[in-house]
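Below: the structure, in structure tokens.
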Amino acid sequence: SVLIMPYQDSPGWERQWKNFSWDWDFHVSTVSEGHRVVGDKDKSEAKTKGAKLTFGEVLDCGVSRMLHNLGAAHKTSFHDLGMGPGKMLIQTYLQYKNLRTCMGVELAKGRYDLGERNIRTLLKNGWRGRKFLGIEFKIGHYFKIVEDVPDKAPKEGWKVGDKVVAYYPGLKTDKMVHKDYHGEITDIKKHESGDDKKTLFAVKYEDGSTCDRVQRRYLFIPGKERTCEVWYGSLFDYPGGFDAEICVLETDFPEEMHPTLIKCMTTTPIGCTFLTYHDLKKFSCYDWDNLRQIDCNIYDNDRYITSWSQGWRFYLWEHVPSFKDTLPYSKIAGKLHENLKKDDQIVFKDNREDDSPLQYGEILTVSKDDEKTDEINLIVRTNKVEVKKVQYQNVTLSSSDYTIYKTRHRFRIGQEVSAYYVENLKETQYQNRYEIYRGKVIAINATKLTYVIKYLEEGTTRLDVSEKYVYKLPKLLYQKGENVMACWPRNAQNKNCPHRYKRFPAEVVDINNDSTYRLRYQVSPFLLSLLRPQVFPDDYHQTEDNKKQAAYAPTADNCFAENVREMWVQYPADFVVKNIQQVENKLGLPFYTTYQPEYCEGWENKECIAWINDIGIGTKLAKLFELNKIDGKGLLNIKAENEKELNIEMNKLLKVTDGDNKTESTELNNDDENENEDDGVVDKIGLNRIELKNLFANIKHLKQQNEMMQQQFIGQAGGHQDYQKLQQVWRDFRKDMGRHQTTGGGGGGGGGGDPLMNGFD
């Protein structure tokens, strides 16, 4: 039987599609095609070249997020070294116009052919009004296009002597030669018909070669050309394969190729960023001095949507100046007053003393005594590390007495950071080797890129922590104390679970250093009546037959989760409240309860307390109901048109006049000092937004049912029989809700099915 997956999309999936959406306007190859086209011959050839043909695709929105984190908006070249069918390559080329060169290499012949097909489709159809020209091609070996931009030619037209980029299809014949098309126009041959489009240009290229048949449409002002190329072969064979500002290495490299990979990465230009399939830190040959993991990527919340996962951990790196061999500071080019400003970080040396040490400083003020000179005066905050203490002081500098340098330090005095614990990096403690700790920079060394860091949880201080082990704090979507909806980890980690990404109400009780969350799931009889599935009740009873497909839910004695990924968490305001409102407007009966609302007017205090427990907020209100002797008439007399008014009315209803009761009420509620600004009523009930929604809908339901009893059933002939009819209406409603779920479609955590149940998915 087909496994039904009604909760197949995680919150992280939905966020990433919303924030990094991408649409293809022409047909491209599918993931299944990428799997089918690889045969035994491809696998055998790959093995001889030290490669694996493991395949999967980063999906469109995952590519957009990855490019953002790799800094694509500030780069000029992109190489996909293991491009598969080339979809990431083409998307990057179309999405970032600042990238002048995009190139993809693929070793598997079948997948290269798909890439060539995709780029030919782009050439034929164009994209959103943009057009392209084919400039290099040999079927089955390489194919290059250039964007036909509107401003590629001078406004006054081309003339002899102009510098130019001049393409001529067929000029390149050797795939191992990288042809440079920069040159100079030496002659212009107008066509006898006078048609400018048929004019031919003679060009002498900078490599000494010539061509006298270049058409006008293939001429570009240097810097206006944007090319995209696919190339068949090994990524290590492509000429200049690692000469790019972004290199994507979404490839499973065998162990014997790891040293070659690291060596090639360190030959790229400084500032080059990479995506890799492997966590390079775990390679014994990893180069800590020249490669640095990008800050956001050390945390668990940096995940990407792929064809095999809703949040896969790829690894992002940057080629940096050597921590060991490069000075941590540099001379300031140009005039000091034009290049230094408040908050800049510097190192300085007193020229009046021969043995004056370099000192680190952070500029507080910049001023000039004489506008006619280049001399400036600075006040800087500096630090001095002594035995068991650090001294801070503000120092006045004059550029006539001090030599001032710009520093490469990325962090400042007092800044909170994440850092590895240096002692853990020893191989004997490998299990905790890359555990992340919260720290604070308390001093900075001027002569090298190291810091004095206090590890906050441990209370220990280390004097010489290299910047290669220090990172910026994560950017988090949620904060401690917030109410969220979150998947239950045991379900979310099981790809066979039919309720894999079902959401449950929870509170963030803490945040781990790796950006995962500690949650306390809010469990009550009312919530369980909603959250337990009506369509798949057997999924929650594990047997030998359904062991892999079993589903789980938090319970009162098992409501904490220590490591909940951010991709499993979502704010309730975006969908829970909205769906509750939809159900309320459509059905008028949003919640399932076990009490008899028709008799509310006759409820005594104990029935009201049973009711408040039944709807799941008794822990906050039951004692107050008892103290204030709330009865059914009191509930029906509440006049509120929305949750805000209800909050005011409930606080009025639960006011305690007895002095002893006031004390007890204060002890029960943490929020009794929060006042409503509109009416000055002290908030004693302390309900969050979802709980207020719950209470408002249930009180409204009580009133509806009481009114129905008054109008239709009480005092009429056959009243008892009519009451039974009312009960049958309720039972039919529940059955109808179940049928909606059964026939409703799955997916997205909110499409199809019981609208009330989807509100809590």
Side-chain angles (χ1 to χ4, degrees), residues 7 9-19 62 65 69 293 295-305 309-314 416-420 432 434-439 455-458 471-495 497 499-524 527 531 551-577 670 688-691 749-750 759-761:
Y7 310 109
D9 294 334
S10 69
W13 167 283
E14 295 163 359
R15 269 196 302 272
Q16 206 160 131
W17 276 111
K18 178 181 178 180
N19 296 332
R65 175 181 167 87
N69 288 343
Q293 193 168 4
D295 292 289
C296 68
N297 187 243
I298 71 167
Y299 304 105
D300 183 88
N301 61 357
D302 189 38
R303 291 177 174 269
Y304 302 88
I305 295 177
S309 171
Q310 298 215 3
W312 189 257
R313 285 279 284 133
F314 288 105
E416 288 197 9
V417 295
S418 293
Y420 294 128
N432 299 322
Y434 302 114
E435 185 174 348
I436 300 169
Y437 294 85
R438 193 75 170 263
Y455 290 86
L456 300 179
E457 291 102 334
E458 289 67 27
Y471 302 87
K472 294 179 181 178
L473 294 179
K475 294 181 179 179
L476 299 166
L477 294 180
Y478 312 103
Q479 301 300 322
K480 184 177 179 180
E482 289 187 316
N483 292 300
V484 297
M485 298 294 286
C487 306
W488 186 240
R490 191 169 182 182
N491 292 340
Q493 290 173 324
N494 180 8
K495 66 180 180 181
C497 176
H499 297 270
R500 183 177 187 183
Y501 296 118
K502 186 177 184 65
R503 283 81 143 176
F504 300 88
E507 178 187 359
V508 178
V509 295
D510 208 348
I511 302 172
N512 299 311
N513 292 337
D514 65 352
S515 82
T516 58
Y517 296 84
R518 298 179 187 177
L519 300 185
R520 178 174 58 240
Y521 290 81
Q522 299 166 355
V523 181
S524 68
L527 286 174
L531 301 173
Y552 302 87
T555 62
D557 59 348
N558 185 26
C559 60
F560 285 90
E562 292 295 317
N563 299 96
V564 181
R565 295 174 184 169
E566 195 170 79
M567 63 175 284
W568 298 337
V569 184
Q570 189 164 4
Y571 273 125
D574 291 340
F575 57 100
V576 175
V577 174
N670 294 325
N688 62 40
R689 189 179 178 189
I690 296 299
E691 290 168 331
F760 284 87
D761 291 346

Do V508 and L519 have side chains that approach each other closer than 4.5 Å (heavy atoms only, starting at C-beta)? yes
Sub-4.5 Å side-chain heavy-atom contact between W488 and N558: yes
Nearest heavy atoms of R518 and E562, plus distance in Å: CG-O, 3.3 Å
Quick one: list whatever passes ring pair (Phe, Tyr, Trp, His ring centres under 6.0 Å) with Y455, sequence neighbours left out. Y421
For the side chain of D514 and the backbone of T516, is there at least one donor-acceptor N/O pair under 3.5 Å apart? yes
Counting only N and O atoms by type, is there a donor-acceptor contact under 3.5 Å from the side chain of Y521 to the main-chain atoms of C487? yes
Look at the side chain of R503 and the backbone N and O of Y501, then say whether any donor-acceptor pair between them is shorter than 3.5 Å. yes
Out of curiosity, I298 CD1 to Y434 OH, how far, rounded to the nearest 0.5 Å? 12.5 Å
For a side chain to side chain contact (heavy atoms under 4.5 Å, CB included) with R65, tell me which candidate from D302, N19, I305 qualifies. D302
So CD of E566 and CG of L477: to nearest 0.5 Å the spacing works out to 4.0 Å
Report the C-alpha separation of M567 and D300 in whole Å, then their side-chain angles, then the decisive distance to 0.1 Å, and conclude whether the side-chain contact (heavy atoms from CB on, under 4.5 Å) test is met. CA-CA 9 Å; M567 63 175 284; D300 183 88; 6.0 Å; no
Short N-O contact, E416 and R438, less than 4.0 angstrom: yes
Working to the nearest 0.5 Å, report the span between CG of N491 and CZ of F504. 6.0 Å
State whether the side chain of N512 and the backbone N or O of V564 hold a donor-acceptor pair below 3.5 Å, judged by distance alone. no
R313 (side chain) donor-acceptor with N297 (main chain) under 3.5 angstrom: yes
Spacing of Y299 atom OH and I436 atom CD1 [to the nearest 0.5 Å]: 6.0 Å
K472: what forms a side-chain contact (heavy atoms from CB on, under 4.5 Å) with it, not counting sequence neighbours? D295, R410, F411
Residue pair Y304 / N69, side-chain heavy-atom distance below 4.5 Å: yes
When Q16, R15, Q310 are each screened for side chain to side chain contact (heavy atoms under 4.5 Å, CB included) with S10, the one that passes is Q310
Can you tell me how far apart CD (E435) and CG (N513) are? Round to the nearest 0.5 Å. 7.5 Å
Working to the nearest 0.5 angstrom, can you tell me the gap between R303 CZ and S515 OG? 8.5 Å
Test side-chain contact (heavy atoms from CB on, under 4.5 Å) applied to E507 - qualifying residues, sequence neighbours left out: N483, R520, Q522
If only atom types and distance count, is the side chain of Y478 paired as donor or acceptor with the main-chain N or O of V569 below 3.5 Å? yes
